[in-house]
Q: 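Before I ask anything, here is the structure I am working with.
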Amino acid sequence: MNRIMECVPNFSEGRDKNVIRQIADAIGSISSVKVLNVDPGEAANRTVITFVGEPEAVAEAAFQGAKAAAELIDMSRHHGTHPRIGATDVLPFVPIRGITLDECAAMARQLGRRMADELGIPVYLYEAAALRPKFCNLAVCRAGEYEGIARKLSTPGEEPDYMPPTSYLLPLTSYLSKSGCSVVGARDYLIAVNFNLNTTSKDIATAIARQVRERGYQGRPGTLKCVKAIGWYIEEYGFAQVSCNLTNFRVTSLRQTFDEVSRVAQLHGVSVTGTEIIGLVPEEALFPDAVRILGLDQLRPFRMEEKVIEYLIH
């Protein structure tokens, strides 16, 4: 297998195991695609599924996953702590071997068009697949979340890149209320990590996130480049978290992020008591004694590059 692409879609369902299973099964039904990890979150009401395979097969599996999500998830009833805009909330392609980021972006655009045409889902394109610089940032695509879709569709310059055929638009709410929009794109590896705090205060978690994330707050830049962060309270756990996305762990490492969040937390009178990693982590992003230092109960298997190839072959 000379060409391998990864896909890491986030679906807006983290509680109904039957729905999650059906979406994962739809993805795994495509030949030469391997589902590596299914990571549901109850409080976020969101599941991250990681799968790999030949690029064309991965693209087809992604479509089948989005189709299953559109059939099984009702966004009008969705509530969770994580920002979201649709049943298939975000769907990125990641180059692993024998395929470039630009080629992944081209496949993401093709998938986005197909989702709009065949599933009636409005699609924004982001990161490397973005057609408009403003929408490179996922947060911009998702601004207003699911509840704000109707306003965005009617605001010039805010509409999705791909809209469904006219037959889906009558009435407008017939598809919006069920599946919402999707954000499709291509990117490099991303590490999703949540830092547990010994407080229930969402405000403190948010203040820490604003201080460390690259874009900062109110015009003041944060301390960590290539890091996005928000703060929230997880009722399921009984404590607040700083939720971070490391968009380039070679610029800002997992250890640097942990150390800086810990430092800023102390300034706010709280401490980082543990770490929750969502999905898989590239081996090169880890460091000696990471499980103990990060306060992890365990570290999920990570299979990237040669490890992914070996896993697929066997």
Side-chain angles (χ1 to χ4, degrees), residues 5-94 107-108 110-124 126 138 141-142 145-146 149 164 175-187 190 192 236 278-280 300-301 303 308 311-312:
M5 184 170 73
E6 178 190 38
C7 187
V8 195
N10 291 213
F11 298 101
S12 295
E13 177 55 68
R15 300 165 185 168
D16 190 323
K17 294 181 179 179
N18 183 50
V19 169
I20 296 168
R21 177 187 57 77
Q22 290 184 69
I23 294 172
D25 286 349
I27 291 169
S29 69
I30 303 303
S31 176
S32 78
V33 164
K34 182 67 178 180
V35 175
L36 297 181
N37 192 58
V38 179
D39 194 346
E42 184 173 335
N45 201 7
R46 183 179 188 85
T47 295
V48 179
I49 299 180
T50 305
F51 59 99
V52 294
E54 296 174 352
E56 292 75 16
V58 168
E60 179 61 31
F63 177 82
Q64 294 302 325
K67 180 180 180 181
E71 294 170 349
L72 296 167
I73 297 173
D74 184 352
M75 288 302 297
S76 68
R77 300 181 178 181
H78 183 273
H79 299 282
T81 57
H82 200 288
R84 78 284 185 268
I85 197 171
T88 300
D89 183 59
V90 59
L91 193 160
F93 290 149
V94 181
M107 298 191 75
Q110 293 172 2
L111 174 64
R113 169 59 71 188
R114 186 181 177 194
M115 288 170 61
D117 289 347
E118 298 183 30
L119 301 179
I121 299 174
V123 171
Y124 287 93
Y126 86 116
L138 174 59
C141 298
R142 204 158 49 194
E145 298 191 41
Y146 165 76
I149 291 175
Y175 66 92
L176 284 182
S177 62
K178 183 71 162 55
S179 298
C181 296
S182 292
V183 185
V184 179
R187 58 164 174 75
L190 179 149
E236 172 188 355
I278 307 301
L280 304 181
R300 292 182 178 84
R303 305 182 179 94
V308 168
Y311 188 83
L312 283 172

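Hydrogens, waters and symmetry mates are skipped; everything else that's a heavy atom, side chains included, is used. Worth saying up front: this structure is predicted, and the values here are computed from it rather than measured.
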Q: So, taking the atom named NZ in Lys178 and the one named CD1 in Ile73, what distance separates them when rounded to the nearest 0.5 Å?
A: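 Reported to 0.5 Å precision, the distance equals 8.0 Å.
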Q: Got a sec, which residues hit side chain to side chain donor-acceptor pair (under 3.5 Å) with Asp16, two or more places apart in sequence or on another chain?
A: none
Q: Could you tell me the separation between the CD1 atom of Ile30 and the CZ atom of Phe51, rounded to the nearest 0.5 Å?
A: 9.5 Å
Q: Measuring from Lys67:NZ to Ser179:OG, what's the distance to the nearest 0.5 Å?
A: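 Atom-to-atom, Lys67:NZ and Ser179:OG are 12.5 Å apart.
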Q: Please confirm whether the backbone N or O of Thr88 pairs with a side-chain atom of Ser182, one donor and one acceptor, at under 3.5 Å?
A: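 Between the backbone of Thr88 and the side chain of Ser182 there is a qualifying donor-acceptor contact (under 3.5 Å).
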Q: Yes or no on side chain to side chain contact (heavy atoms under 4.5 Å, CB included) for Glu6 and Val58, after CA distance, side-chain angles and deciding distance?
A: CA-CA 7 Å; Glu6 178 190 38; Val58 168; over 6 Å; no
Q: Answer whether the closest heavy-atom distance between the side chains of Arg142 and Asp89 falls below 4.5 Å.
A: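 Yes, close enough: below the 4.5 Å cut-off.
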Q: If every non-hydrogen atom of Leu91 is compared with every non-hydrogen atom of Pro9, which pair is closest and at what distance?
A: CG-CB, 4.0 Å
Q: Identify the heavy atoms of Ala59 and Phe93 that sit nearest to each other, and give their distance.
A: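 Scanning both residues completely, I find the closest heavy atoms to be CA-CZ, 3.9 Å.
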Q: Would you please test Arg114 and Phe63 for side chain to side chain contact (heavy atoms under 4.5 Å, CB included) and show each step?
A: CA-CA 8 Å; Arg114 186 181 177 194; Phe63 177 82; 3.5 Å; yes
Q: What I'd like to find out is whether the side chain of Gln22 reaches to under 4.5 Å of the side chain of Asn18, using heavy atoms alone.
A: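 Yes, their side chains come closer than 4.5 Å.
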Q: Considering all heavy atoms of both residues, which atom of Ala108 and which atom of Ala186 are nearest to each other, and what is their separation?
A: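 Smallest interatomic distance, heavy atoms only, reads CB-N, 4.4 Å.
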Q: For Ala57 versus Ser31, what's the shortest heavy-atom pair and its separation?
A: CB-O, 3.7 Å
Q: I need the Thr50 OG1 to Leu36 CG distance, nearest 0.5 Å.
A: 6.5 Å
Q: Can you confirm whether Glu13 sits close enough to Asn45 that some side-chain heavy atom of one is under 4.5 Å from a side-chain heavy atom of the other?
A: yes
Q: Measure the spacing between CG of Leu119 and CD of Glu71 and express it to the nearest 0.5 Å.
A: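 Leu119 atom CG to Glu71 atom CD measures 8.0 Å (nearest 0.5 Å).
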Q: Contact between Ile23 and Leu72 at the side-chain level, heavy atoms closer than 4.5 Å - yes or no?
A: yes
Q: Which pair of non-hydrogen atoms, one from Ala43 and one from Arg15, has the smallest distance, and what is that distance?
A: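 Between these two residues, the closest heavy atoms are O-NH2, 3.5 Å.
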Q: For Ala70 versus Ile121, what's the shortest heavy-atom pair and its separation?
A: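 Where Ala70 meets Ile121 most closely, the heavy atoms are CB-CD1, 4.2 Å.
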Q: If you round to the nearest 0.5 Å, how far is CD1 of Ile49 from CD1 of Ile27?
A: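 CD1 of Ile49 is found 4.0 Å from CD1 of Ile27.
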Q: I'd like to know if the side chain of Arg46 reaches the main chain of Gly14, judged simply by a donor and an acceptor atom lying under 3.5 Å from each other, with no hydrogens or angles considered.
A: no
Q: With sequence neighbours left out, write down each residue that passes side chain to side chain donor-acceptor pair (under 3.5 Å) with Glu145, or none if nothing qualifies.
A: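 Partners of Glu145 under the side chain to side chain donor-acceptor pair (under 3.5 Å) test: Arg84.
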Q: Using side-chain heavy atoms (C-beta onward) and a distance below 4.5 Å, is Phe11 in contact with Val19?
A: no
Q: Can you tell if the side chain of Lys17 reaches within under 4.5 Å of the side chain of Val38, non-hydrogen atoms only?
A: no
Q: So, using ring-ring contact (aromatic ring centres under 6.0 Å, His included) as the criterion, who are the partners of Tyr126 when residues are at least two apart?
A: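 Result, ring-ring contact (aromatic ring centres under 6.0 Å, His included) vs Tyr126: none returned.
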